[in-house]
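Below is one structure, written out as structure tokens; comments come after it.
Note that the coordinates shown come from a computational prediction; the quantities given were computed from them, not determined experimentally.
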Amino acid sequence: MQQLQRMSTYAPKLLILWVAVFAALALSACGGGGAGKPVEATFHVEDPPMLSDWGIYSVANGAVELSPGVVPFDLNSTLFTDYAHKLRTIWIPGGKGGAYRENDYPDFPVGTVISKTFYYPRPEASAGAFDGRISKSDQPSGEVDPALRDLSSVRLVETRLLVRRDKGWSALSYIWNDAQTDAVFKKIGDAKPMTLVSADGTETNFTYIVPNTNQCEGCHATNNTTRQIGPLGVRPRHLNKDFTYGDGKTNQIDHLAMIGYLTEAAPSATAPRNADWTDTTLPADVRARAYLDINCSHCHNPVGPADTSGLFLTLDTPTGPSLGLCKLPIAAGAGTGGRRYDIVPGSPEHSILPFRMETIAPGSMMPELGRSLPHTEAVSVIRQWITEMEGECPSAG
């Protein structure tokens, strides 16, 4: 009788214990040791060893999943990196946005993290372990690439972060592991042999270069005097386009202002807008200038690292010698390819600019970093732009 009474006394406690055990098992089954909890973005004052430490996004169920508050974005014209596709995001903690600046990147607060993940689609016939073969294809514009919902169809290569800290911006590079579950911080960069497979089956071997920290910072230091680094793509003229979010298609500037990531922003209708260089309905000069602006002007501007060249490729550079027309190079050396002027109107074959974009010879190719392959389609637009120019240079042949 006493035993029955003791069992009656302990029964509720045992029931509670068993409920707790089953709940723990259920959580473990969902995410493994608490991994089922939503991943949250986190700011770090030091450089953590793994990309997952930032909580910007996670790899779950074979897909890349953005964390709450992490906003994807796109650019009107994008920087070329050996035909890599890119997922760009921004996250700002604490609900304080960045002050809008019409001709510069917003004055983002400490804690801001901007990410750019480089990846490639894999050929349809690829299966199993990655063999270095990747597809040359166009990336969907104005949305998060649906391919990122099925990581078996893509190869994640690297993720670069720009982090706003008390001392300024820091540039960090993370390299994805073979399992595509996480990426490790690597200051010294890396080199990865790859094979680019075109739609017609043509294969091109090249080495994908992950830049080291100094190289990243060099490209992001757009002022050669201050050498302060900062974001490149989040200027209004690059952001001013539509993007498909969960609630539909919205202009990116308007969306960032609505959620508080931008303060005092101009309406998108009046904000500057760069062109999409791939838009074949636009004139060649508009497409060419848009491409040169995003790919070259961070160095080739009046205060940039290439200021002594005298060649300025920003959108506001007037047509003339500063843009390269009939301009003699200052210190190009072998980079001239035997040509006399940066641009010879009507004659791309005698112009230095397309030569340096086409060549992959070290010491001659431009940009110096960020590519191992020529951007054939863009060079074609540059050639058309130069062909349509009027005028002539003395002794251009």
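- A salt bridge does not link R149 to E65: none of the charged nitrogens lies less than 4.0 Å from a carboxylate oxygen.
- Remark: side-chain polar atoms of S309 are paired, donor with acceptor, to backbone N or O of A306 under 3.5 angstrom.
- Residues G111 and P93 come closest through the heavy atom pair O-CD, 3.2 Å.
- N61 contributes no side-chain N or O that, together with a main-chain N or O of A63, makes up a donor-acceptor pair within less than 3.5 Å.
- Using modelled atom types, one finds no donor on one side chain facing an acceptor on the other under 3.5 Å when comparing E143 with Y245.
- The shortest distance between side-chain heavy atoms of L373 and I360 does not fall below 4.5 Å.
- The distance from the OG atom of S395 to the NE2 atom of H350 is 12.0 Å, given to the nearest 0.5 Å.
- No more than 12 heavy atoms of other residues, nucleotides or ligands shown are found within 6.0 angstrom of CD on E264.
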Can you give the donor-acceptor pairs under 3.5 Å from side chains of residues 48-56 to other protein atoms, not counting sequence neighbours?
| unit_1 | atom_1 | unit_2 | atom_2 | d |
| --- | --- | --- | --- | --- |
| S52 | OG | D182 | OD2 | 2.5 |
| D53 | OD2 | M50 | N | 3.2 |
| W54 | NE1 | Y174 | OH | 2.9 |

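- Other residues, nucleotides and ligands contribute only 12 or fewer heavy atoms inside 6.0 Å of the CD atom of E368.
- For T314 and N301, the side-chain atoms include no donor-acceptor pair closer than 3.5 Å.
- In this structure, R122 and D131 approach most closely via the heavy-atom pair NH2-N, 4.5 Å.
- The backbone N or O of P318 sits nowhere less than 3.5 Å from a side-chain atom of S322 that would complete a donor-acceptor pair.
- Taken to the nearest 0.5 Å, the CG atom of D279 stands 10.5 Å off from the CG atom of N76.
- Taking the six-membered ring for Trp and the full ring otherwise, F312 and H300 have centroids separated by 6.0 Å or more.
- Side-chain atoms of T250 and D254 form no donor-acceptor pair, as typed in the model, at a separation below 3.5 Å.
- In this structure a side-chain-to-backbone donor-acceptor pair under 3.5 Å is present from H85 to S137.
- Side-chain contact check for H255 versus I259: some heavy-atom pair is nearer than 4.5 Å.
- The distance from atom CG of L196 to atom NZ of K136, rounded to the nearest 0.5 Å, is 6.5 Å.
- Once rounded to the nearest 0.5 Å, the distance linking CD1 of I294 with CG of L313 reads 12.5 Å.
- Side-chain atoms of R356 do not come within 3.5 Å of backbone N or O of M365 as any donor-acceptor pair.
- Nearest heavy atoms, I92 versus G97: CD1-CA, 4.4 Å.
- Between the N214 side chain and the G218 main chain, no donor and acceptor come within less than 3.5 Å of each other.
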Could you walk me through whether F243 and N251 satisfy the side chain to side chain contact (heavy atoms under 4.5 Å, CB included) test, starting with their C-alpha distance in whole Å, then the side-chain angles of each, then the deciding distance to 0.1 Å, before giving a yes or no?
CA-CA 6 Å; F243 195 93; N251 181 277; over 6 Å; no

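- For the 3.5 Å distance criterion, the side chains of K86 and T81 qualify, holding a donor opposite an acceptor.
- Under the 30°/60° scheme for interplanar angles, the aromatic rings of Y57 and W176 are found to lie parallel.
- A 4.5 Å side-chain heavy-atom check between R237 and D293 finds at least one atom pair inside the cut-off.
- The shortest distance between side-chain heavy atoms of V71 and W91 does not fall below 4.5 Å.
- Here the closest non-hydrogen pair linking I209 and R160 is O-NH2, 4.4 Å.
- With hydrogens and angles ignored, the 3.5 Å screen pairs a side-chain donor or acceptor of Q180 with a backbone N or O of L151.
- A donor-acceptor distance shorter than 3.5 angstrom exists from the side chain of D200 to the backbone of T202, with no hydrogens or angles considered.
- Here the shortest heavy-atom pairing between A99 and T263 reads CA-OG1, 3.3 Å.
- One finds the CZ atom of R133 at 14.5 Å from the OH atom of Y120 (value rounded to the nearest 0.5 Å).
- In the model, S141 has a side-chain atom that pairs as donor or acceptor with a side-chain atom of K241 under 3.5 Å.
- In this view, A269 satisfies the side chain to side chain contact (heavy atoms under 4.5 Å, CB included) rule with no residue, not counting sequence neighbours.
- Annotation: side chain of E102 is in contact with side chain of P272 (closest heavy-atom distance under 4.5 Å).
- With values rounded to the nearest 0.5 angstrom, L162 atom CG is found 9.5 Å from Y105 atom OH.
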Go through the steps to decide whether Y119 and V64 satisfy the test side chain to side chain contact (heavy atoms under 4.5 Å, CB included), and finish with yes or no.
CA-CA 12 Å; Y119 67 96; V64 172; over 6 Å; no

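- Under a hydrophobic-cluster definition in which Ile, Leu, Val, Met, Phe, Trp and Tyr are linked whenever side-chain heavy atoms come within less than 4.5 Å, directly or via other members, L156 and L66 are assigned to the same cluster.
- Taking a 6.0 Å sphere around CD of Q228, one finds it holds 12 or fewer heavy atoms contributed by other residues, nucleotides or ligands.
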Given the rule in the side chain to side chain contact (heavy atoms under 4.5 Å, CB included) test, do L75 and V234 qualify, once you have shown the distances and angles that lead to the verdict?
CA-CA 8 Å; L75 309 181; V234 291; 5.9 Å; no

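- Of all heavy-atom pairs between V379 and P354, the closest is CG1-O, 4.4 Å.
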So R287 and D285, salt bridge (charged side-chain N to carboxylate O under 4.0 Å, His left out) or not? Walk me through it.
CA-CA 5 Å; R287 298 172 64 195; D285 66 318; over 6 Å; no

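- Not one N or O on the side chain of D145 forms a donor-acceptor pair closer than 3.5 Å with the backbone of L148.
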Quick one: do N205 and M194 satisfy side chain to side chain contact (heavy atoms under 4.5 Å, CB included)? Show the steps, please.
CA-CA 6 Å; N205 297 322; M194 292 188 178; over 6 Å; no

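- By the 4.5 Å heavy-atom criterion applied to side chains, P109 and K96 are counted as neighbours.
- For the cysteines C299 and C219, the sulfur (SG) atoms lie at a distance of at least 2.5 angstrom from each other.
- Proximity of a side-chain donor or acceptor of D82 to a complementary backbone N or O of S372 within less than 3.5 Å is detected.
- Annotation: side chain of P121 is not in contact with side chain of Y83 (no heavy-atom distance under 4.5 Å).
- The salt bridge (charged side-chain N to carboxylate O under 4.0 Å, His left out) contacts involving residues 163-180 comprise D47-R165, R155-D178, where partners must be two or more places apart or lie in separate chains.
- The hydrophobic clustering, which links ILVMFWY residues whose side-chain heavy atoms are closer than 4.5 Å, places L353 and M389 together.
- Judged by distance alone, the side chains of N240 and N274 never bring a donor and an acceptor atom under 3.5 Å apart.
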Go through the steps to decide whether E388 and R383 satisfy the test salt bridge (charged side-chain N to carboxylate O under 4.0 Å, His left out), and finish with yes or no.
CA-CA 9 Å; E388 293 176 359; R383 284 181 165 275; over 6 Å; no

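- Residues T159 and F118 have side chains not in contact (no heavy-atom distance under 4.5 Å, counting atoms from C-beta outward).
- Crowding of D247 atom CG: a count of heavy atoms from other residues, nucleotides or ligands under 6.0 Å exceeding 12.
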